[in-house]
Amino acid sequence: MGGVSGAVTAGKAAGTGAMPQAGLETSKIDRRRENLRLAALASTGILDTEPESYFDAITRLCAEYFRADTVLLGFADETRVWIKSFWGESIRELPRQHSVFERVRSEGGPVIVPDIGKDAHFESPVLNLRRLEVRSFASVPVRSSDGYILGALSIFNSQPRRRMALDELSMLENLAEMVASQLELRKMKRSFQGCARPQREVFPVIPRVWPRPSDLRRALDRQEFVLYYQPEIELTTRKIAGLEALIRWTHPERGVVSPAEFIPSAEESGMILPIGDWVLSEACQQIQKWNQDYEQGAPRVCVNLSARQFSREGLADHVEALLSQYGVPSRMLGLEMTESSLMSDIDIAFDVLGNLRRLGVTLLMDDFGTGYSSLNYLHSFPFDVLKIDRSFVGRMTTGDQSLQIVRTIIELARVLGMDVVAEGIETVEQYILLREMGCRYGQGFLFSRPLPAEAMSHLLQLPGRLLPDPEQDQ
Ligand code: C2E
Ligand code: MG
Ligand code: MG
């Protein structure tokens with residue numbers, strides 16, 4: 001555990017004896033990041049709320065598992081740490097300055113101090129937490145889906161403890177992740193409040209057991225991944241305007257596995273990088289093939305990028321090399337990314353988007369409307385296309401609010417000079433409404449499900465690449 005405890009560099013006591021967690025120094029705060037962090041926190045609606053048994057279950061579990069005297073789950077706004085749930089010492093609020101949270105935030109990860117008395121960074125051998133004289137503590141961050149540290153889950157003991165084993169640390173981190181998944185659920189509920197659709201149930205994330213990184217590596221080596229393609233249609237003509245490439249895993253026992261089942265683990269483990277490289281290269285190869293096969297050439301093919309791919313150095317160079325390897329004009333490739341994948345580092349996002357833009361590839365913002373800060377950045381990112389998340393399209397005909405949201409997004413895109421694609425069109429009613437609202441493009445099962453390349457080739461050979469009118473089939 002040396003790596004983790006070695007990361008602890010708690011500062012000198014700042015002479016604030018009255019502070020419950022004195023002894024920890026507050027490091028400089030990057031104002032811009034802090035504002036984004038506070039926005040992420042506000043979107044969860046967690047501050048100043050009543051105790052909830054869900055969180056109490058987690059602090060209790062921590063206390064039992066780690067035999068801790070006190071466990072605190074706190075979220076920090078500008079000045080204070082709001083304790084959402086405690087075990088042991090009854091505390092509702094702590095000053096943020098010199099707090100354990102502040103330490104976790106400045107370290108950017110877990111902080112473990114097995115013995116405060118032996119830690120050169122503490123002037124006093126104990127740290128006072130109301131009635132408890134703390135001799136050891138461990139604290140892990142609770143992060144937003146974009147990686148901002150919103151709070152910390154911390155265990156405290158009045159005795160020094162042995163160093164924490166790796167599996168103990170990951171237990172603590174898993175519990176913090178359960179808190180984080182609960183926050184995500186709250187965020188979703190808040191953003192959908194007032195919509196008529198019954199809420200889908202979301203359960204706390206259980207640590208993933210399948211697939212492991214080695215399963216993904218093997219699948220890549222054995223060429224078990226395939227790309228399916230789904231058309232994006234010009235709604236007035238039903239002409240295929242482009243395709244979205246969607247990965248599938250043809251598993252020898254499980255059959256065709258959807259990306260929802262393996263992309264999250266691939267992202268967590270970093271396997272998304274080689275998988276993402278494969279997707280990009282496979283898509284470029286397919287464009288090259290369709291370009292050769294058809295006089296009118298291939299339609300534009302859009303590939304989904306994950307956050308990790310995005311923040312890796314040299315993405316634009318990599319894309320440029322692939323385009324030239326397969327002789328694909330850059331306008332034939334589109335790259336889709338979600339807003340949250342850009343948020344972890346806004347400066348990198350601007351840089352990478354700028355470079356991709358200069359290459360001439362089309363940039364699409366995916367799942368638009370689900371992020372919390374959509375409007376803040378939209379006008380400054382150089383996107384060509386906005387894709388309206390299918391959750392809004394799906395509820396358009398059942399609730400007035402979703403209809404208004406879709407209308408607003410279409411108008412917003414028009415004002416910003418962007419094209420707009422409505423995702424997840426399943427009914428003729430939705431199709432008609434979207435057309436009436438001036439939405440230019442759409443995608444959905446009503447027109448075509450995602451298909452393997454060969455089946456898609458048949459659609460590409462339809463006269464004028466016009467898909468049949470679904471209204472005629474009614
Ligand atoms: P996405 O990029 O938003 O893709 C659209 C998803 O909506 C696809 O799910 C598609 O099959 C589904 N869809 C399209 N029309 C309809 C409809 O009318 N009704 C319904 N219910 N669903 C519709 P899919 O293929 O399961 O992909 C899910 C997500 O996985 C994608 O969401 C994307 O975020 C991710 N993904 C897929 N392929 C890749 C990839 O190659 N790389 C990365 N990083 N992510 C990928
Ligand atoms: Mg997409
Ligand atoms: Mg989408």
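Both ligands and their constituent atoms are indexed starting at 1 by order of listing.
Interface atoms of ligand 1 facing Ser306, defined by a heavy-atom separation under 4.0 Å, are 44 (N). Near Gly424, meaning under 4.0 Å from any of its heavy atoms, are these atoms of ligand 1: 15 (N), 16 (C), 17 (C), 18 (O). Against a heavy-atom cut-off of under 4.0 Å, Val279 is close to the following atoms of ligand 1: 41 (O). The Ile425 neighbourhood of ligand 1 comprises atoms 18 (O), with distances under 4.0 Å to a heavy atom of that residue.
When non-hydrogen atoms are compared, ligand 1 lies under 4.0 Å from the side chain of Gln230 (C-beta onward) but not from its backbone. Counting heavy atoms closer than 4.0 Å to ligand 1, residue Glu244 contributes side-chain atoms (C-beta onward) but none from N, CA, C or O. Neither the backbone nor the side chain of Thr338 comes within 4.0 Å of ligand 1, counting heavy atoms alone.
Between the side chain of Ser330 and the backbone N or O of Leu359, at least one donor-acceptor pair lies under 3.5 Å. Remark: side-chain polar atoms of Arg238 are paired, donor with acceptor, to backbone N or O of Leu467 under 3.5 angstrom. The backbone N or O of Glu426 sits less than 3.5 Å from a side-chain atom of Gln430, completing a donor-acceptor pair. Side chain of Arg143 to main chain of Ala180: no donor-acceptor pair is present (N/O by atom type, distance under 3.5 Å, no hydrogens or angles). Side-chain N or O atoms of Asp146 include none that pairs as donor or acceptor with a backbone N or O of Tyr148 at under 3.5 Å. Of the possible polar contacts, none joining the Glu423 side chain to the Gln443 backbone as a donor-acceptor pair under 3.5 Å is found. Between the side chain of Ser448 and the backbone N or O of Gln230, no donor-acceptor pair lies under 3.5 Å.
Distances shorter than 4.0 angstrom do not occur between any heavy atom of Glu267 and any atom of ligand 1. Within the 4.0 Å heavy-atom cutoff, Lys387 does not count among the residues contacting ligand 1.
The N/O atoms of Glu423, backbone and side chain alike, include one that comes under 3.5 Å of an N/O atom in ligand 1.
Sorted by first then second residue, the salt bridge (charged side-chain N to carboxylate O under 4.0 Å, His left out) pairs that include residues 323-337, not counting sequence neighbours, are Glu336-Lys387. Residue pairs meeting the ring pair (Phe, Tyr, Trp, His ring centres under 6.0 Å) criterion with at least one member in residues 411-460, sequence neighbours excluded, are Tyr431-Phe447.
What sits closest to atom 11 (O) of ligand 1 on the protein, heavy atoms only, is Pro450 CG, 3.4 Å. From the protein, the heavy atom lying nearest to atom 1 (P) of ligand 1 is Asp366 OD2, 3.7 Å. Protein heavy atom at the shortest distance from atom 39 (C) of ligand 1 is Ile247 CG2, 3.6 Å. Among all protein heavy atoms, the one lying closest to atom 29 (C) of ligand 1 is Pro259 CG, 4.3 Å. The nearest heavy-atom contact from the protein to atom 31 (C) of ligand 1 is Leu246 CD2, 4.2 Å. Closest to atom 45 (N) of ligand 1 among all protein heavy atoms lies Asn304 CB, 3.7 Å. The nearest heavy-atom contact from the protein to atom 19 (N) of ligand 1 is Glu426 OE2, 2.5 Å. In this structure, the protein non-hydrogen atom closest to atom 13 (N) of ligand 1 is Phe445 CE2, 3.7 Å.
With no hydrogens or angles considered, a side-chain donor-acceptor pair links Arg358 and Asn355 at under 3.5 Å.
Counting all heavy atoms, side chain and backbone alike, Ala138 lies closest to Ile112 at CB-CG1, 4.0 Å. In terms of heavy atoms, Val328 sits closest to Ile287 at CG1-CG2, 3.8 Å.
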Does the pair Ser85 and Thr59 meet the rule for a side chain to side chain donor-acceptor pair (under 3.5 Å), with working shown? CA-CA 7 Å; Ser85 171; Thr59 43; 2.8 Å; yes
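Ion pairing of Arg96 with Asp77 is absent here, as no side-chain N (NZ or NE/NH1/NH2) approaches a carboxylate O to less than 4.0 Å.
For atom 25 (O) of ligand 1, a protein heavy-atom neighbour is present inside the 4.0 Å cut-off.
For the Mg ion (ligand 2), the neighbouring protein N/O/S atoms at less than 2.8 Å, given as residue and atom, are Glu244 OE2, Asn304 OD1, Glu336 OE1, Asp366 OD2.
Here Ser457 pairs with Trp290 under the side-chain hydrogen bond (donor to acceptor under 3.5 Å, both in side chains) rule; sequence neighbours left out.
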